[in-house]
Amino acid sequence: MPEKVKTYFGDSDDEPVKQAPNAPAEPAIEEPGRKKKRNKKRKRDEPTDEPPSRDDKPVTQEAPHKSKSPTNEKPESIPEQPGNEDNVVGKAHPGKPPSNSKHNSKPKSLDNKTNFTSLREKANTLYEQRKKLPIFGHSDEIRKKLRDQDVMLLVGETGSGKSTQIPQFLVNEFWCRPTDTKITQKDGKEKSIKVGGCIAITQPRRVAAISLARRVAEEMGTPLGSSSPASKVGYSVRFDTSTSPSTRVKFLTEGMLLQEMLHDPWLTKYSAVVVDEVHERGVNVDLVTGFLRNLVSCDNQGRGGVPLKVVVMSATADMESLQGFFQEGFKLQAEEQKRIENGSAKGEKENGVTKDISVCHIKGRQFSVKTIYSPEPVHDFVDAALKIIFQIHYKEPMPGDILVFLTGQETVEALEHLVNEYAIDMDPALPKVQVLPLFAALPQAAQQRVFMPAPPRTRKIVLSTNIAETSVTVSGVRYVVDCGKAKIKQFRSRLGLDSLLVKPISKSAAIQRKGRAGREAPGQCFRLYTEKDYLTLDETNTPEILRCDLSQALLNMKARGVDDIVRFPFLTRPPRESLEKALLQLLNIEALEETGSISEIGRHIAKLPLTPTLGRVLLAAAENGADCLTDVIDIISCLSVENIFMNANSEEKKEAAETARRDLYRREGDHLTMLATVRAYAAEHADRKAWAERHLVSHRAMQSVMDVRKQLRTQCRQAKLLPGDQRNDHFPDPSPVLILQSFLRGFATNTARLVPDGSYRTVVGNQTVAIHPSSVLFGKKVEAIMYNEFVFTNRSYARGVSAVQMDWVGEALAG
DNA sequence: GAGCACTGC
């Protein structure tokens, strides 16, 4: 079963206007027109962008970056992965586009040619819907603003259509064409390059990037991504890039843009970058905005003088700080300019263009949602939610499902129990209730139940963590119950541990939750807190950059030549202490020189899709030989995805799984257990899904593990750390000592030793730490442990634990 | 005896 298809991510807005809740996501581009064979026309006849074309003259299509190889490479064929149909879009087009020869591509492009008419018809139909989007009337205004100015801030409320329409408004603007220009290289020589031609739109999540690309391709009447060399819309997310030589609108994840910037710091491919969903404020978006500010407030030397347009879009109206942020950049630039002018005669560049920032506010299209506050403070929100749920159920008409926001799996399950219990004694004349839990750790099949319509005369009650706040859209909801809290992960740099704490949400999160009730009809939102409490909430979410370990972000910046971290334009500056902690961490793993500049090791690590620490481990393992590296890659792959081991919900299941898992457990600890698991899974050729189920191992997680493993292996081969020929047939016994010693090169400070009272104390800091119950070493006593994570929930836990010897730790700490 | 949510050439 395709797993993610039915989840309507589409994110906060811009979803296709009508989505039948129970219809499977349509294979938009791949299928239609299969029976249409009459259209013999050539590629020229591909539809123009906006069906009734306005003032946009279609740009003659000249592939702007011919030299680039097609991005959708699937470098190696690994043994088939049964049931891996996860990436619906990515896997749907089997053939790569013919890359360098546009003209002799008969067999593969045949489908595309015949499709163009139907694609165009579809686009024409969609055009009618697009015209009704609130943003549509602002098209001219937006274009005008961006002709005059390079930076635009756009507040687009939920349902305004910004993510799908903005790129289409801009793609045919004159400034969006590829421009031939010259740059001066380091050696002083001039070089001709093409700059621009493409618009990038960043998204915080992969699913959003892919589904938006699919939608925009439909609206533009063009095939999607690599399915045709004439495709104008593509996307790029980790493990799945689908673009063509003529891609002009590209949706990508923030992380992907950062990666592109490592190789192309001037973003020469792009005429514009649209940063969507800034209000979510993940670390990556903060880095992206920082780099973009530097780009727009410089002389565009690396772009041959061609300016980059930047559109920053947010659903919440915290635009003043963003405006100030970009203005500050222009101000600094002007000052710099002045200083130069004083010495020389140049400096006419900015004449005629006011370097200012335009702001645009688009009202959303949402149904009204009535807010009902709790008259008094609530002490037990599970109990309060129970009462409200039945109050709604008794009083409010059908249809109208209820979505309840809770803090975590524990509260979800507690309330699930209570509601079911309470429902037994319900008046049989009333409609039934169907209680559905929803949280990330829930097996995929159980998550899918949330998207199925309720049986007749039944009200769906979805009990969710904040997964439903941004990542997943449940249809049919007219009532939201919001407990006003969420679990938030906070990295405490002083202690070097992550804490998972229940905290009040922000106003903007509360608004977001409330909005979930008004997507299909007017709704109601019951807040389990008083209005007074609401008013005391923070305006916005705490940016992640203030809550996480910064070592990766810093290494990223260092790799791009930002040596002076203090002068980097942070949207929100992280406290000095956490910056220092991260620098120290990078020094410890030799990613930085004593001077603070990036080392060779650091440069290498920065290119890996891993935390610096895991990157360091990988390089250390390479020193221990190819076999050790291969094994360590397997383990690292597990560590960089969600938990691969699942929990049984019933006792018998648990027992059965324990028995089946027994042969995977290794007394050395979790790392070697993971290795055994990956090896066994990879060796299973018959039915991996069944194997995973038997062992109570998450098949979905293992698929990600295999993706990461493949990616890391490819990278290691390219870096000559692994031999070029892949030998899947030889599996020498792993060497636990070498493997664990490799890990200690990155995790020497994540170690604890057994003290006489039977507890573990960290080697650095002497804090008490307990082995997490999910570990195979739980309850075991060994000389010393090394762990990947130090987390605080109800107490301090070490997760990802292996037994090590104190003298190894000593060696590793000594360097 | 325990698991907020995302993400990377």
Side-chain angles (χ1 to χ4, degrees), chain A residues 9 11 68-69 71-73 75 202-209 236-241 252-264 277 280-285 287-288 405-413 438-442 464-472 483 485-490 498-503 505 509 512 541 544 547-548 552-553 555-556 559 605-612 614-615 640-647 649 654 698 701 704 707-708 711-712 714-715 718-719 770-775 778-779 789 791-795 797-799:
Chain A
F9 293 87
D11 223 316
K68 289 263 155 62
S69 63
T71 21
N72 191 23
E73 45 198 341
T202 70
Q203 291 295 321
R205 280 170 291 280
R206 291 196 257 175
V207 267
S236 178
V237 302
R238 190 183 187 187
F239 308 126
D240 189 5
T241 289
L252 31 59
T253 49
E254 292 149 0
M256 215 59 177
L257 187 71
L258 286 174
Q259 280 306 133
E260 285 191 8
M261 288 179 98
L262 268 186
H263 295 108
D264 181 12
E277 314 282 8
E280 291 194 19
R281 295 296 301 276
V283 202
N284 286 347
V285 94
L287 292 186
V288 165
F405 284 101
L406 298 162
T407 52
Q409 185 179 341
E410 201 182 322
T411 47
V412 165
E413 284 172 346
L438 179 65
F439 45 88
L442 199 68
S464 174
T465 62
N466 52 2
I467 187 172
E469 194 177 300
T470 50
S471 309
V472 167
C483 77
K485 299 204 157 55
K487 273 191 193 173
I488 294 183
K489 198 174 191 169
Q490 178 126 26
D498 270 324
S499 304
L500 200 51
L501 303 169
V502 176
K503 290 198 156 183
I505 59 173
Q512 177 82 14
N541 294 342
E544 196 188 358
R547 310 178 346 231
C548 73
Q552 202 166 4
L555 188 64
N556 217 300
I605 294 174
K607 290 183 188 154
L608 295 166
L610 297 170
T611 60
L614 286 177
S640 56
V641 309
E642 61 194 290
N643 203 349
I644 60 170
F645 296 109
M646 295 194 302
N647 304 308
N649 31 23
K654 200 168 176 174
S698 161
S704 313
D707 280 338
V708 178
Q711 188 184 25
L712 292 175
T714 306
Q715 257 173 304
Q718 280 162 358
I771 296 176
H772 195 272
S774 64
S775 171
F778 176 69
E789 269 189 304
V791 290
F792 183 86
T793 48
N794 291 318
R795 56 191 292 204
Y797 285 111
R799 283 170 59 175

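Proteins get letters first, then strands, A, B, ... in listed order; numbering begins at 1 in each.
Nucleic acid contact for L501(A): none, since no nucleic acid atom lies under 4.0 Å from a heavy atom of the residue. Looking at heavy-atom distances under 4.0 Å, T793(A) makes contact with sugar-phosphate atoms alone, never a base. Counting non-hydrogen atoms under 4.0 angstrom, A486(A) reaches nothing in the nucleic acid. When heavy atoms are screened at a 4.0 angstrom cut-off, L500(A) is found touching base atoms of the nucleic acid. Looking at heavy-atom distances under 4.0 Å, E254(A) makes no contact with the nucleic acid at all. When heavy atoms are screened at a 4.0 angstrom cut-off, L610(A) is found touching base atoms of the nucleic acid.
With distances taken from any side-chain atom of R206(A) to the nucleotides dT7(B), dA5(B), dC4(B), the minimum falls on dT7(B). Here the side chain of I467(A) is nearest to one of dC4(B), dT7(B), dA5(B), namely dA5(B). Distances were taken from every side-chain heavy atom of K487(A) (C-beta onward) to each of dC6(B), dC4(B), dG3(B); the shortest belongs to dC4(B). In the set dA2(B), dG3(B), dC6(B), dC6(B) carries the atom at the smallest distance from any side-chain atom of S471(A).
Residues I488(A) and R238(A) both approach DNA chain B. Their nearest nucleotides, taken by heavy-atom distance, put I488(A) toward the 5′ side. Positionally, the nearest nucleotide of DNA chain B for F778(A) lies more toward the 5' end than for the other of F778(A) and M256(A).
Here E410(A) does not pair with K487(A) in a salt bridge; the nearest charged N to carboxylate O distance is not below 4.0 Å.
Whole-Å rounding puts the E277(A) CD to dT7(B) C1' distance at 15 Å.
When the side chain to side chain donor-acceptor pair (under 3.5 Å) test is applied to Q409(A), the partners found at least two apart in sequence or on another chain are E413(A). Residues passing the ring-ring contact (aromatic ring centres under 6.0 Å, His included) test with F439(A), sequence neighbours excluded: none.
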